[in-house]
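Encoded as structure tokens, the structure appears first; notes follow it.
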Protein chains: 2
Amino acid sequence: MDEIRRDFENEDVQNRLLDAAEKLFCEKGFARTSVRELTTEAGCNLAAINYYFGGKEKLYTEMFRRQFQMMIQGHLDTIDQVMCEGDVSLEKLLKVIIEPPIRRAVANETKGQILKLLVREVMDQKIDPEYVVKDMKEKFFDRLGSVFMQLVPGLPEERIALIVMSFDGVILHPFLFMEFYQKTMPDLTIDELVNHIVRFVAAAIRGYASPAEKEAG
Amino acid sequence: MDEIRRDFENEDVQNRLLDAAEKLFCEKGFARTSVRELTTEAGCNLAAINYYFGGKEKLYTEMFRRQFQMMIQGHLDTIDQVMCEGDVSLEKLLKVIIEPPIRRAVANETKGQILKLLVREVMDQKIDPEYVVKDMKEKFFDRLGSVFMQLVPGLPEERIALIVMSFDGVILHPFLFMEFYQKTMPDLTIDELVNHIVRFVAAAIRGYASPAEKEAG
DNA sequence: TGACGTTTGAAACAATCGTTTTAGTTATTA
DNA sequence: TAATAACTAAAACGATTGTTTCAAACGTCA
């Protein structure tokens with residue numbers, strides 16, 4: 001009676017609800033999205049969310065968990081793929097990491113909004129932060145840091161974590177402020193944006209490896 | 001009867017409501033903060049918000065407008081002050097811009113949460129985006145860009161706006177993910193964080209000015 | 001077919017939301 | 001002091017929220 005169904009036989013309704021959750025929660029956030037909107041978007045009955053997931057919050061958690069894992073796994077695959085190739089460089093790695101999601105974001109696909117979802121989650125903390133922190137750090141950031149060190153000899157190991165953080169900040173920015181970019185730089189192309197980020201981050205990391213003396217002082 | 005009071009004689013209740021709004025909206029966002037929480041925090045009656053501001057959203061708008069202008073003006077003052085001194089450098093400018101707000105954020109003061117409020121606003125867009133975009137760009141970002149060009153000769157002018165954006169991304173990151181920083185790097189000091197950001201951004205900007213040929217490729 | 005477990009539909013639930021109303025209190029001014 | 005405006009207090013309002021209920025419909029296997 002009070003057991004949540006988990007048969008995965010007729011996943012149609014469940015998947016449609018997960019899709020609707022991804023779309024609406026990304027766009028408007030958790031609080032401003034009602035279960036009536038979700039079920040309407042999914043084309044199912046109002047009670048379906050409670051029937052299949054046990055509540056609005058459980059649906060959110062399930063959706064977030066999936067998207068989050070998918071994002072991390074996608075990045076790990078990208079890194080592995082690039083590192084296996086012969087002509088690997090820092091610039092090339094940065095480019096393949098940031099370009100696909102940026103293109104998706106500009107195309108306004110749902111997948112491009114996942115980073116917004118992540119930021120919302122960090123702010124609102126509906127899910128156990130330990131879970132998000134642990135996976136994000138141990139799986140992705142640590143891997144990225146070791147690759148940076150591999151590609152750019154001379155990086156101070158004790159600062160690697162901070163470097164990865166700042167890199168994350170740079171790539172996160174256009175996702176959060178996409179409208180701002182488009183309004184203040186209407187002629188900006190995706191290539192220009194991608195090239196800028198690559199150049200900016202690469203310069204920062206390489207500058208870190210070969211510390212320059214202060215000028216103009 | 002239906003006119004909103006704007007006497008500014010007894011500003012006690014109004015200011016207490018604005019303070020409560022700043023605190024609670026920053027912490028929990030607009031939707032998850034109720035007028036009952038706000039009036040309790042402010043120590044006034046439930047109807048006071050509608051009486052003085054005309055509604056919950058008007059209170060939010062008024063609070064945001066004030067905080068936003070205060071933040072921009074503070075940054076402009078900081079820039080002007082630094083640029084007037086004799087031994088001005090890019091590193092010094094970066095340091096004085098980012099250090100005070102970071103210290104406030106670590107101390108968990110309300111003022112340190114304003115950037116979170118800004119990000120929330122960009123996501124939810126309760127206020128006319130034109131207003132935020134216009135002031136942010138014309139008053140602050142343009143000034144910052146011109147100062148960067150002044151301090152670092154050789155910066156490509158057509159990329160200045162993007163450089164400022166990426167700089168914003170780097171400094172925004174620790175504010176959004178402060179808990180993440182503290183959990184994954186518990187021994188990190190504020191000085192180390194500030195020095196890292198200065199070094200990272202300075203390297204990025206200087207590297208932009210003197211384009212390096214790609215290595216390892 | 002008949003019975004049973006699963007899924008759906010529509011209505012109703014209690015709780016909370018922002019806002020309004022109304023009466024009462026305080027302050028101000030003539 | 002009387003009258004008017006400014007403010008506060010408490011209750012109630014209508015709307016919306018997430019959730020629950022329960023009967024009808026569906027699918028499956030005897």
Side-chain angles (χ1 to χ4, degrees), chain A residues 1-64 120-121 124-127, chain B residues 1-64 120-121 124-127:
Chain A
M1 173 157 58
D2 47 353
E3 283 298 317
I4 298 169
R5 300 284 144 230
R6 276 272 169 272
D7 291 351
F8 293 96
E9 288 294 331
N10 53 347
E11 284 198 335
D12 294 8
V13 179
Q14 296 189 42
N15 277 334
R16 271 183 292 157
L17 276 173
L18 285 169
D19 289 343
E22 179 188 339
K23 179 170 184 284
L24 296 178
F25 284 148
C26 282
E27 283 177 4
K28 319 198 307 168
F30 181 84
R32 289 157 53 94
T33 302
S34 70
V35 296
R36 283 165 179 83
E37 290 177 275
L38 287 163
T39 50
T40 300
E41 172 78 22
C44 67
N45 188 261
L46 174 63
I49 287 180
N50 285 280
Y51 182 75
Y52 282 108
F53 295 94
K56 180 189 177 187
E57 188 139 347
K58 301 267 185 62
L59 169 63
Y60 169 83
T61 302
E62 180 70 17
M63 180 275 296
F64 181 86
R120 282 193 201 271
E121 170 55 33
D124 294 341
Q125 301 204 354
K126 308 191 76 62
I127 300 173
Chain B
M1 173 157 62
D2 46 354
E3 284 297 319
I4 298 170
R5 300 283 146 231
R6 276 273 169 273
D7 292 350
F8 292 96
E9 288 294 331
N10 53 346
E11 284 198 337
D12 294 7
V13 178
Q14 295 189 42
N15 278 333
R16 273 183 291 159
L17 276 173
L18 285 169
D19 289 342
E22 179 189 340
K23 178 170 185 283
L24 295 178
F25 284 148
C26 281
E27 284 177 4
K28 320 199 306 169
F30 181 84
R32 289 157 53 92
T33 302
S34 70
V35 296
R36 284 165 178 83
E37 290 177 275
L38 287 164
T39 49
T40 299
E41 173 78 21
C44 65
N45 188 261
L46 173 63
I49 288 180
N50 284 281
Y51 182 75
Y52 283 108
F53 296 93
K56 180 188 177 187
E57 188 139 349
K58 300 266 186 61
L59 169 62
Y60 169 83
T61 302
E62 181 68 16
M63 180 274 296
F64 181 87
R120 281 193 202 271
E121 171 55 32
D124 294 341
Q125 299 202 355
K126 309 191 76 61
I127 301 172

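All values below come from the heavy atoms of this structure, side chains included, with hydrogens, waters and symmetry mates left out. Throughout, protein chains are lettered first and strands after them, A, B, ... in sequence-line order, and every chain is numbered starting at 1.
The B:Asn50 side chain lies nearest to C:dT19 when the options are C:dA12, C:dT19, C:dG9. Checking D:dA9, C:dT8, D:dT21 against every side-chain atom of A:Val13, the shortest atom distance belongs to C:dT8. When distances run from any side-chain atom of A:Arg36 to the nucleotides D:dT20, D:dT19, C:dT19, the shortest one goes to D:dT19. Comparing C:dT6, D:dC7, D:dG18 against the side chain of A:Val35 picks out D:dG18 as the nearest. Side-chain proximity of A:Ser34 to the nucleotides C:dA10, D:dT17, C:dT21 is greatest for D:dT17. Taking only side-chain atoms of B:Tyr51, from C-beta outward, the nucleotide of C:dT20, D:dT8, C:dA12 with the closest atom is D:dT8.
The backbone N or O of B:Ala47 sits less than 3.5 Å from a side-chain atom of B:Asn45, completing a donor-acceptor pair. In this structure, A:Glu121 contributes its side chain and A:Ile127 its backbone to a donor-acceptor pair below 3.5 Å.
Rounded to an integer number of Å, the gap from A:Leu46 CG to D:dA23 P is 19 Å. The OH-P distance, from A:Tyr60 to D:dT19, rounds to 15 Å in whole Å. Atom CG in A:Leu17 sits roughly 13 Å away from atom P in D:dT19 (whole-Å rounding). Protein atom NZ of A:Lys56 is 12 Å distant from nucleotide atom C1' of D:dT19, rounded to whole Å. One atom, CZ of A:Arg32, and another, P of C:dT16, lie 22 Å apart when rounded to the nearest Å. Per the geometry, NZ belonging to A:Lys126 stands 11 Å off P belonging to D:dG18, to the nearest Å. For B:Glu37 and C:dA15, the CD to C1' distance is 15 Å, given to the nearest whole Å.
Cation-pi contact between B:Lys56 and B:Phe30: present, with separation from the ring centre below 6.0 Å and deviation from the ring axis of at most 45°.
The residue B:Ala48 sits apart from the nucleic acid: no heavy atom pair falls under 4.0 Å. Among the heavy atoms of the strands, none lies under 4.0 Å from B:Thr39.
A residue-by-residue look at B:Asn45 and A:Phe30 shows that B:Asn45 has its nearest nucleotide of DNA chain D further toward the 5' end.
When all heavy atoms are compared, the tightest approach of A:Thr33 to A:Leu24 is OG1-O, 3.4 Å. The two residues A:Arg120 and A:Glu27 have their closest heavy-atom pair at NH2-O, 3.2 Å.
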